[in-house]
Colleague: 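Dropping the structure in here first, questions after.
Just so you know, residue 1 is the first one in the sequence shown, and it goes up from there. Just the heavy atoms: all of them, side chains too, but no hydrogens, waters or symmetry mates, feed the values below.
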Amino acid sequence: MAGKIFLSCLFVLSALYVYALNDAPVWLDMDVRNVQYPQHSYYTGYSEVFVGNNETREQAVDRAKQKAVGELSGKIRVFVDTENKSLDISTSGTEFEEKINSVFVSSVKTASQTSVVDYKIDTYYDARTNLIYAFAYVGKSELRNYFRSQISLYLDKVAASLATATELLGKGYKMKARNECIAVAENFAIVEYSQDLLTAIDEDADEPVLQKQRSEYLRNELIQTIADLENSIYLYLDCKELVNGQSVVHIADRLPGIIMQNGCGCSFTDSQDNADYIIRIEAKLSRCQDAPDNIVFCYAFATVSVVNTVNKKTVIPKIPECKGGWTQRNRANATEEAFNELAEKIAEKVVPIIKN
């Protein structure tokens, strides 16, 4: 046994001597690499590429580096099935929850395709053979420390974004609160990928290291925040009403109260940026007609669109023309009655769109 160890050491020393004479790095020899960077302590990647006729040496060096890092990453990377992986936050299957899960899956995939960080890489060009050699390596202890710090760092970011989302929601800034939830999903993806990777490369990774309990607690906070967001709907009303070219206000005064009385479960906001739905109305008086018995009838119509600010979809309900009648041929009162009837018809069409 001692003889074998002596011969092995002698071989390595001989290789070191030969490569030193040729001014070539010792890591070119596989046996030397295995001694200097043993598998129990390092992940490594090695490549050899010819300098092509149509490329510069720098381009070939980049190609060699990519191959070496690719081999290194392949030894470390944990396969994450993004098709079956989700943040598991579903409470009612809303579009926003689907968006959160979509962002999470996409971010996990991006993380899994990212090259290993903190690796070192050396290259060597042999002019005699026109070959580029590349050797990438990273210590396992360094890698473990890196992913441990990633878990703590991104869980802190999750906690900060959730606190901000809660504060924004309390002030009525739902769109900004949603954006913070998107940031939570992106950060959770880094946490979960780091936990998976650390579990695979570190057999000693335990609860204090992986912080699974803290992850679960913050995930429950996210679920509650999303539920609060979905249970409070904010509407913004953009209403233009014209009578004989003059601006009036009839529908804008009545519509919010009618919508809320019809069981919308929503509130109106003065900020378009904070709204879940934007209701746009253009209403006009079309005509007035005198009738027998000193009565006048006035007719009004409206075009309405309801914009969902989350999915950017627009629904355009058809609103029937409405009329108002008044005695003494009072056109002002008849016009107001027509617009009030329009408000009722608009509410009938808009509330189901918002509730669905």
Colleague: How many angstroms lie between OH in Y277 and OG1 in T309, if you round to the nearest 0.5 Å?
Modeller: 8.0 Å
Colleague: Just checking, is any N or O donor in the side chain of Y217 or Q213 under 3.5 Å from an acceptor N or O on the other one?
Modeller: no
Colleague: Hey, does E180 have a side-chain heavy atom less than 4.5 Å from the side chain of E167?
Modeller: no
Colleague: Where the side chain of E337 meets the backbone of G325, is there a donor-acceptor pair that is under 3.5 Å apart?
Modeller: yes
Colleague: Centre of Y154's six-membered ring, under 6.0 Å away, within 45 degrees of the axis: is that where NZ or CZ of K157 sits?
Modeller: yes
Colleague: Please round to the nearest 0.5 Å and tell me the distance separating atom CD1 of I121 and atom OG1 of T44.
Modeller: 11.5 Å
Colleague: Could you tell me if the ring centre of Y133 sits under 6.0 Å from that of F135?
Modeller: no
Colleague: Quick one: do D122 and K120 make a salt bridge, cutoff under 4.0 Å?
Modeller: no
Colleague: Is any side-chain heavy atom of Y119 closer than 4.5 Å to one of Y43?
Modeller: no
Colleague: Look at the side-chain heavy atoms of Ile, Leu, Val, Met, Phe, Trp and Tyr, link any pair under 4.5 Å apart, and say whether V158 and I223 land in one connected group.
Modeller: yes
Colleague: Yes or no on side-chain contact (heavy atoms from CB on, under 4.5 Å) for E344 and N340, after CA distance, side-chain angles and deciding distance?
Modeller: CA-CA 7 Å; E344 296 282 351; N340 290 344; over 6 Å; no
Colleague: What distance do Y234 atom OH and D273 atom CG have between them, rounded to the nearest 0.5 Å?
Modeller: 14.5 Å
Colleague: Heavy atoms, side chains only, cut-off 4.5 Å: are S73 and V69 in contact?
Modeller: yes
Colleague: Which distance, rounded to the nearest 0.5 Å, do you find between the CD of Q59 and the CZ of R63?
Modeller: 9.0 Å
Colleague: For R219 and L87, indicate whether the former's side chain and the latter's backbone hold a donor-acceptor pair under 3.5 Å.
Modeller: yes
Colleague: Hey, can you tell me if F339 and H250 have their rings parallel, tilted or perpendicular (30° and 60° cut-offs)?
Modeller: tilted
Colleague: Could you grab the distance from atom OG1 of T166 to atom CG of D228, nearest 0.5 Å is fine?
Modeller: 7.5 Å
Colleague: Donor-acceptor pair, S106 side chain versus S102 backbone, under 3.5 Å?
Modeller: no
Colleague: Does atom CD of Q39 have more than 12 heavy-atom neighbours from other groups under 6.0 Å away?
Modeller: no
Colleague: Between D206 and K212 (salt bridge meaning N to carboxylate O under 4.0 Å), is one present in this structure?
Modeller: no
Colleague: With the 4.5 Å side-chain cut-off for hydrophobic clustering, are F268 and I233 part of the same group?
Modeller: yes
Colleague: Donor-acceptor pair, E282 side chain versus T303 backbone, under 3.5 Å?
Modeller: no
Colleague: Is the closest side-chain heavy-atom distance between Y124 and I132 below 4.5 Å?
Modeller: no
Colleague: Honestly curious: do I190 and L143 fall in one hydrophobic cluster under the side-chain, below-4.5 Å linking rule?
Modeller: yes
Colleague: Does D290 have more than 12 heavy atoms from other residues, nucleotides or ligands lying within 6.0 Å of its CG?
Modeller: yes
Colleague: Of I259, L255, T269, which is the lone residue that meets side-chain contact (heavy atoms from CB on, under 4.5 Å) with L235?
Modeller: I259
Colleague: Which pairs, with at least one residue in residues 296-356 and sequence neighbours excluded, count as a disulfide bond (SG atoms under 2.5 Å apart)?
Modeller: C288-C298
Colleague: Between D29 (side chain) and D31 (backbone), is there a donor-acceptor pair under 3.5 Å?
Modeller: yes
Colleague: Give a yes or no on whether the backbone of A64 and the side-chain of S47 come within a donor-acceptor separation of less than 3.5 Å.
Modeller: yes
Colleague: Hey, is D202 close enough to R148 for a salt bridge, meaning N to O under 4.0 Å?
Modeller: yes
Colleague: Should the pair K75-E71 be classified as a salt bridge under the 4.0 Å nitrogen-to-oxygen rule?
Modeller: yes
Colleague: Please check: side-chain N/O of S286 versus main-chain N/O of Y299, any donor-acceptor pairing under 3.5 Å?
Modeller: yes
Colleague: Hydrogens and angles aside, do D276 and Y236 bring a side-chain donor and acceptor to less than 3.5 Å of each other?
Modeller: no
Colleague: Does some side-chain heavy atom of V304 sit less than 4.5 Å from a side-chain heavy atom of K349?
Modeller: no
Colleague: Does the side chain of Y146 pick up a donor-acceptor pair with the side chain of E142 at under 3.5 Å?
Modeller: no
Colleague: If hydrophobic clusters are built by linking Ile, Leu, Val, Met, Phe, Trp and Tyr wherever their side-chain heavy atoms come under 4.5 Å apart, do F297 and V248 end up in the same one?
Modeller: no
Colleague: With a 4.0 Å cut-off on N to O distance, would you call R254 and E336 a salt bridge?
Modeller: no
Colleague: For the atom pair CD1 (I151) and CD (Q211), what is the distance rounded to the nearest 0.5 Å?
Modeller: 6.5 Å
Colleague: Does any non-hydrogen side-chain atom of N220 lie less than 4.5 Å from one of Q224?
Modeller: no
Colleague: Are side-chain heavy atoms of I100 and I182 found at a separation under 4.5 Å?
Modeller: yes
Colleague: Would you find a donor on one side and an acceptor on the other, under 3.5 Å apart, between the side chain of R33 and the backbone of L28?
Modeller: yes
